[in-house]
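For the numbers below, each heavy atom of this structure counts, side chains included, while hydrogens, waters and symmetry mates do not.
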Amino acid sequence: MTAISRGDTPVPEGLRFEQLGFGADAVDYETAWQEQRRVHAARFADEIPDTCLLLEHLPVYTAGRRTDDSERPLDGTPVIDVDRGGKITWHGPGQLVGYPIQKLPRPVDVVAHVRRLEEAIIRTCAEFGVETTRVEGRSGVWVLGDPVADRPHLGGLSLDFDPRTADEEFDPRLNGPEYAPSNAGQRREDRKLAAIGIRVAKGVTMHGFAINVNPDNTSFDKIVPCGIRDAGVTSLANELGREITIADVLPVVEKHLRDVLENAVLLPRAV
């Protein structure tokens with residue numbers, strides 16, 4: 001195997017996984033963020049190979065740089081503002097979080113990196129029998145809903161518009177379970193199973209993805225997840241209709257991340 005040159009001490013190439021903690025050992029966000037920065041600096045200096053941190057977080061809301069005030073919790077629940085792209089989301093028990101810290105050629109093709117992460121997650125979901133896909137203009141991995149004309153009408157009424165997007169005064173956070181993101185499956189709408197938000201600094205990626213394995217998705221109802229009002233969230237457990245654990249998913253996602261990220265032809269962004 002070839003190696004990264006670091007003086008007289010070569011560092012093996014290939015993707016390394018580091019499991020930081022799950023279940024009773026779930027990691028608080030600030031601790032994981034500090035570890036990300038440490039690993040990022042080591043990867044930039046070619047002291048370590050590409051590394052993916054895998055973990056489960058203690059419950060927390062984090063807001064990317066584009067988050068609007070109208071998307072945050074209304075009850076004063078604390079939110080940690082972070083330096084990734086994207087908007088607000090929730091992390092917590094039952095969610096598998098991955099932070100791939102990977103050196104990319106410059107100028108960095110951020111979109112290609114996001115697409116690779118999506119591909120690994122799509123393959124992971126398929127292995128459990130859940131069909132997922134991308135939605136144009138919306139990052140992450142999605143379960144598609146029924147065509148709009150075939151969905152049940154919100155509130156039992158036939159409306160010419162969806163108030164979540166057509167009424168500037170409408171706030172889904174104040175309108176109960178009919179509009180709750182966690183009930184998107186019952187409404188047969190598009191629903192996000194995995195979120196992606198990244199940052200690239202000095203040509204090295206940070207942050208990453210969160211796969212909803214079996215969380216309490218009502219935690220998303222306090223916010224407008226990822227700033228998207230006309231869709232919702234789901235999990236592998238919801239879609240399968242049975243119990244599934246992070247321990248079940250962990251080796252599968254590692255396999256597909258390794259396959260996708262190690263075998264990708266990394267090219268700089270075309271300019």
Side-chain angles (χ1 to χ4, degrees), residues 29 57-95 97 114 132-198 207 209-235 237-239:
Y29 192 85
H57 274 306
L58 297 173
V60 65
Y61 292 98
T62 69
R65 294 185 297 264
R66 296 190 298 110
T67 301
D68 296 330
D69 288 342
S70 63
E71 296 159 355
R72 295 171 180 263
L74 289 169
D75 61 0
T77 299
V79 176
I80 297 177
D81 290 283
V82 296
D83 57 356
R84 60 166 169 80
K87 295 200 171 192
I88 191 167
T89 193
W90 172 85
H91 298 306
Q95 188 184 73
V97 174
V114 170
T132 57
T133 188
R134 301 175 177 89
V135 172
E136 186 175 355
R138 295 178 169 178
S139 68
V141 172
W142 294 78
V143 176
L144 292 183
D146 292 348
V148 173
D150 296 339
R151 297 175 190 172
H153 298 299
L154 291 173
L157 299 175
S158 178
L159 301 177
D160 293 330
F161 61 89
D162 184 337
R164 294 170 298 176
T165 57
D167 183 351
E168 293 182 358
E169 300 297 320
F170 185 85
D171 191 332
R173 298 170 299 173
L174 296 172
N175 282 270
E178 285 181 344
Y179 296 93
S182 61
N183 288 331
Q186 296 177 31
R187 297 190 298 267
R188 303 203 296 271
E189 294 177 337
D190 294 353
R191 47 212 183 265
K192 183 180 282 191
L193 194 150
I196 294 176
I198 67 166
H207 302 288
F209 62 84
I211 303 172
N212 295 330
V213 177
N214 61 353
D216 178 359
N217 279 338
T218 60
S219 297
F220 289 100
D221 295 345
K222 286 187 175 184
I223 61 175
V224 180
C226 303
I228 298 172
R229 296 178 180 272
D230 60 337
V233 295
T234 190
S235 66
N238 286 159
E239 297 302 320

Is there a donor-acceptor contact under 3.5 Å linking the side chains of Asn238 and Ser235? yes
When rounded to the nearest 0.5 angstrom, what is the spacing between [atom1] in [X] and [atom2] in [Y]?
X: Asp83; Y: Thr62; atom1: CG; atom2: OG1; value: 10.5 Å
X: Thr89; Y: Tyr61; atom1: OG1; atom2: OH; value: 9.5 Å
X: His91; Y: Leu58; atom1: NE2; atom2: CG; value: 12.0 Å
X: Asn217; Y: Gln95; atom1: CG; atom2: CD; value: 8.5 Å
X: Thr77; Y: Lys222; atom1: OG1; atom2: NZ; value: 3.5 Å
X: Asp230; Y: Asp162; atom1: CG; atom2: CG; value: 6.5 Å

Is any side-chain heavy atom of [X] less than 4.5 Å from a side-chain heavy atom of [Y]?
X: Asp171; Y: Ser70; answer: no
X: Lys192; Y: Pro225; answer: no
X: Trp90; Y: Pro59; answer: yes

Shortest non-hydrogen separation from [X] to [Y] and the atoms involved:
X: Val143; Y: Thr132; value: CG2-CG2, 4.0 Å
X: Tyr179; Y: Arg187; value: C-NH1, 3.5 Å
X: Ala195; Y: Cys226; value: CB-SG, 4.4 Å
X: Thr133; Y: Leu144; value: CG2-CG, 3.5 Å
X: Pro172; Y: Val224; value: CG-CG2, 4.5 Å
X: Thr234; Y: Asn212; value: O-ND2, 3.0 Å

Any donor and acceptor pair, going by atom type alone, linking the side chain of [X] with main-chain N or O of [Y] inside 3.5 Å?
X: Gln186; Y: Asn183; value: no
X: Arg229; Y: Pro163; value: no
X: Asp221; Y: Ser182; value: yes
X: Arg138; Y: Val141; value: no

Going through the checks in order, is the side-chain contact (heavy atoms from CB on, under 4.5 Å) test met by Val233 and Arg191? CA-CA 5 Å; Val233 295; Arg191 47 212 183 265; 5.7 Å; no
Salt bridge flag under 4.0 Å for residues Arg72 and Asp81: yes
Charged N to carboxylate O below 4.0 Å: is that the case for Asp75 and Arg173? no
Audit row: Tyr29, Val82, side-chain contact (heavy atoms from CB on, under 4.5 Å) steps and yes/no: CA-CA 10 Å; Tyr29 192 85; Val82 296; 3.5 Å; yes
